[in-house]
Number of protein chains: 2
Amino acid sequence: MNSEFTIAVHSLVYLAYVPERMASSEALADNVGTHPARIRKVMSVLRKSGYVATREGAGGGYRLTAEPNEVSLGDIYRVMAQGSLMPSWCSGDPEMDCVVGSNMKQVMFGIFCTAEKRLETHFNAITIRDVLGQIHDCVDCE
Amino acid sequence: MNSEFTIAVHSLVYLAYVPERMASSEALADNVGTHPARIRKVMSVLRKSGYVATREGAGGGYRLTAEPNEVSLGDIYRVMAQGSLMPSWCSGDPEMDCVVGSNMKQVMFGIFCTAEKRLETHFNAITIRDVLGQIHDCVDCE
DNA sequence: TTGTACTGTAATAATATCAGTTACAGTTCA
DNA sequence: TGAACTGTAACTGATATTATTACAGTACAA
């Protein structure tokens, strides 16, 4: 999996943490630990998916529009990283003569698809609010 | 995830399909669609884990030693690809001042760990025999 | 006992993916 | 009108992945 999913989750949690004001791509990049341009790319997807509002121009930036307890990591996974479980390279060749070699690609595809559904089910149960809660729990433990 | 998991599963299924004879790395590479040296590398791990026997020299190769219905994809995942769900790059920095930025790495780590456990649970329920069965089902459907 | 056919393993090369960066047009506010 | 932003694409460098080569070691068979 590439890290856009992580960046998206981190950004949304941060926006949920400062709901009253807009955060610029630079502020988010600082917090996430990456480059502002990368943040803008990720946020662009989240805007198109309806999770954040953006404003260009001076004083602009990003603001969470969805309710933190109504956005799950599953939602984010689907828009940022769906299909990333299956390796890009897959074995077998449908054209070949052997039963195993010719059907393996299809069978493994099915296995990876159901595996990914499992993963999504797991992520569906975790909301942005939950993640923010876990972060606050970290502090309480210190 | 890199594709060694897929290569391992494919190879074991193939060996389960031809249990009476040894398969050379070249025969397996042909069936899987990769280079013999890569097969040997993967099989070396499977040998050390006790799933296959190998024999060097003329007429040598690989043979399945485990029972196809006793080896699960979860077993294979653990030896070939454990930890591959979490992206190599992760956000946040424990040293920083912000609660979100400083704890996110740890929280996401936990989320990815439990997600991977879910994945393993799913893979645990699928055996090499099941995969071979699915391949035979493919043929019946044609 | 020697040649042939294998595995084991490491090193290297080629390729693909990922992350960082730069650049600039477009937008908004003051 | 200038400053502070986003949106997006292009490019660069780093890292991960796969392919390939090479060769030492092992086992069988003539």
Side-chain angles (χ1 to χ4, degrees), chain A residues 1-8 10-11 15 21-49 51-65 80-93 105, chain B residues 1-8 10-11 15 21-49 51-65 80-93 105:
Chain A
M1 189 171 343
N2 78 20
S3 47
E4 294 196 344
F5 171 70
T6 303
I7 292 174
H10 189 140
S11 299
L15 293 178
R21 58 186 168 84
M22 291 207 113
S24 69
S25 62
E26 200 181 332
L28 281 165
D30 244 32
N31 203 267
V32 170
T34 185
H35 200 275
R38 211 174 167 208
I39 295 287
R40 295 203 286 270
K41 190 178 163 214
V42 168
M43 297 312 276
S44 180
V45 177
L46 295 179
R47 170 177 55 82
K48 285 167 189 161
S49 306
Y51 301 117
V52 300
T54 71
R55 203 172 64 226
E56 300 181 21
Y62 303 91
R63 184 172 54 81
L64 192 64
T65 50
M80 300 308 306
Q82 191 154 57
S84 66
L85 184 64
M86 184 152 50
S88 51
W89 187 96
C90 264
S91 73
D93 172 9
K105 194 162 257 172
Chain B
M1 185 171 344
N2 78 21
S3 47
E4 293 197 344
F5 170 69
T6 303
I7 292 174
H10 189 140
S11 299
L15 293 178
R21 60 187 167 83
M22 294 207 112
S24 69
S25 62
E26 200 182 332
L28 281 166
D30 245 32
N31 203 267
V32 169
T34 186
H35 200 275
R38 207 168 172 214
I39 295 288
R40 295 202 286 268
K41 189 177 163 218
V42 168
M43 297 311 279
S44 179
V45 177
L46 294 180
R47 171 177 55 82
K48 284 167 188 158
S49 305
Y51 301 116
V52 300
T54 71
R55 202 173 63 228
E56 299 181 22
Y62 304 91
R63 185 171 54 83
L64 193 64
T65 49
M80 300 308 306
Q82 191 153 59
S84 66
L85 185 63
M86 184 152 49
S88 51
W89 188 94
C90 266
S91 74
D93 171 10
K105 193 162 259 173

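From a predicted model like this one, the values you see are computed outputs, not experimental measurements. Just so it is clear: chains get the letters A, B, ... in the order the sequence lines come, proteins before strands, and each one is counted from 1.
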Could you give me the CA-CA distance, side-chain angles and deciding distance for A:T34 and A:H10, then say whether side-chain contact (heavy atoms from CB on, under 4.5 Å) is met?
CA-CA 11 Å; A:T34 185; A:H10 189 140; over 6 Å; no
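B:I7 places none of its side-chain heavy atoms less than 4.5 Å from the side chain of B:L28. Counting only heavy atoms from C-beta outward, the side chains of B:V45 and B:M80 approach each other to under 4.5 Å. The shortest side-chain heavy-atom distance between B:S3 and B:R38 falls under the 4.5 Å cut-off.
In terms of position on DNA chain C, the residue among A:S88 and B:M43 whose nearest nucleotide sits closer to the 5' end is B:M43. Where B:G59 and B:W89 each meet DNA chain C at their nearest nucleotide, the meeting point lying more 5' is that of B:G59. Residue A:A58 is the one, among A:K41 and A:A58, whose nearest nucleotide of DNA chain D lies closer to the 5' end (criterion: closest heavy atom).
Distance B:M86 CE to C:dC18 P: 17 Å, rounded to the nearest Å. Taking atom CZ on A:R38 and atom P on C:dT17, their separation rounds to 15 Å, with Å as the unit. Atom CE of B:M22 and atom C1' of C:dA5 are 13 Å apart (whole Å). When the P atom of C:dT17 is taken as reference, atom CD of A:E4 falls 14 Å away, rounded to whole Å. As rounded to whole Å, 12 Å separates atom P of D:dT17 from atom CE of B:M80. Distance B:D30 CG to C:dC6 P: 13 Å, rounded to the nearest Å. Counting to the nearest Å, the C1' atom of C:dA5 and the CZ atom of B:R21 are 16 Å from each other. Atom NE2 of B:H35 and atom P of C:dT12 are 17 Å apart (whole Å).
Of the candidates D:dC5, C:dT7, C:dA10, the closest approach to any side-chain atom of B:E56 belongs to C:dT7.
For the OP1/OP2 pair of D:dG7 and a distance below 4.0 Å, the side-chain nitrogens and oxygens of A:R47 include at least one atom meeting the criterion. Applying the 4.0 Å criterion to OP1 and OP2 of D:dT18, one finds that B:T34 has every side-chain N and O outside that range. OP1 or OP2 of C:dA19 has at least one side-chain nitrogen or oxygen of A:S3 nearer than 4.0 Å. Phosphate proximity of C:dG8 to B:R40: absent, as no side-chain N or O sits under 4.0 Å from OP1 or OP2. Phosphate proximity of D:dT8 to A:K48: present, with a side-chain N or O under 4.0 Å from OP1 or OP2. An OP1 or OP2 oxygen of C:dT9 is reached within less than 4.0 angstrom by a side-chain nitrogen or oxygen of B:S44. The shortest distance between the side-chain N/O atoms of A:R55 and the OP1/OP2 oxygens of C:dT28 is not below 4.0 Å. Within the structure, every side-chain polar atom (N or O) of A:T54 is placed at least 4.0 Å from both OP1 and OP2 of D:dT6.
Checking B:S24 against B:R40 by side-chain atom types alone, no donor-acceptor pair falls below 3.5 Å.
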